[in-house]
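These numbers come from the heavy atoms of this one structure, side chains and all, not from hydrogens, waters or symmetry mates.
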Amino acid sequence: MNAMLHWSPAAQFHFHHPVEGPFPNFLDGAKNEAPQPATSWLPATEGRIEDGTYVIQFALPGIDPKEVNVSLMDNVLTVKGERKADHDTKGKDYFVREVKYGAFERSVTLPEGVDAAQVEAKYTNGMLEVRVPTPRAATPRTIEVKAS
């Protein structure tokens, strides 16, 4: 019996996780990957397809948008930046500090055929939203079956 496969354009994405412990990619069989830069933390990320556009959001609260760099090269979207810590702790008696500070870098591999000139990035209320029009090849279409 043949199995039906469900195709999803979102399955073409690959989120890179530069902080994976002392043995990155050991279990997933990846070979010959370029070493990832050292980062202090990773922003929470989510992606969806909305009206023929990939929408990728990065949670970057407390970061000046001028300190965020967004680039696209060889179908890899990369977001870099830094959350700077307030080093003046004099007179401040913290009982909890869960906010991560320092450099971050997050990359997402996009499907082939993305037009870099059409990519838009917007920062609102601590969320960076990157909108990427889906390439025609990645847009599923229904093909009518004609009776002969």
Backbone N or O of G102 within a donor-acceptor pair of the W41 side chain at under 3.5 Å? yes
Supply the atom-to-atom distance E82 CD to Y101 OH, rounded to the nearest 0.5 angstrom. 12.0 Å
Can T45 and R106 be counted as having a side-chain donor-acceptor contact under 3.5 angstrom? yes
Please check this pair: side chain of D74 against backbone of V76, looking for a donor-acceptor N/O pair closer than 3.5 Å. no
Can you name the closest pair of heavy atoms from A59 and M127 and give their distance? CA-SD, 3.5 Å
Would you say NZ of K66 has more than 12 non-hydrogen atoms from neighbouring residues, nucleotides or ligands within 6.0 angstrom? no
Spacing of L110 atom CG and D115 atom CG [to the nearest 0.5 Å]: 12.0 Å
Over 12 non-hydrogen atoms of neighbours within 6.0 angstrom of OH in Y94: yes
State, to 0.1 Å, how close S107 and T78 come at their nearest heavy-atom pair, and which atoms those are. OG-OG1, 3.0 Å
Do the side chain of Y123 and the main chain of V68 share a donor and acceptor less than 3.5 angstrom apart? no
Using a 3.5 Å distance criterion without hydrogens, assess whether the side chain of R48 forms a donor-acceptor pair with backbone atoms of Q57. no
Are any non-hydrogen side-chain atoms of Y54 and P111 less than 4.5 angstrom apart? yes
Could you state the interatomic distance from OG1 (T53) to CD (E120), rounded to the nearest 0.5 Å? 8.5 Å
Which distance, rounded to the nearest 0.5 Å, do you find between the CD1 of I49 and the OG1 of T134? 7.0 Å
Can a salt bridge be assigned to the pair R83 and E67 using a cut-off of 4.0 Å between side-chain N and carboxylate O? no
Below 4.5 Å, heavy atoms only, C-beta onward: do N69 and V79 meet side chain to side chain? no
Any side-chain heavy-atom pair of K122 and L128 under 4.5 Å: no
Salt bridge flag under 4.0 Å for residues E129 and R131: yes
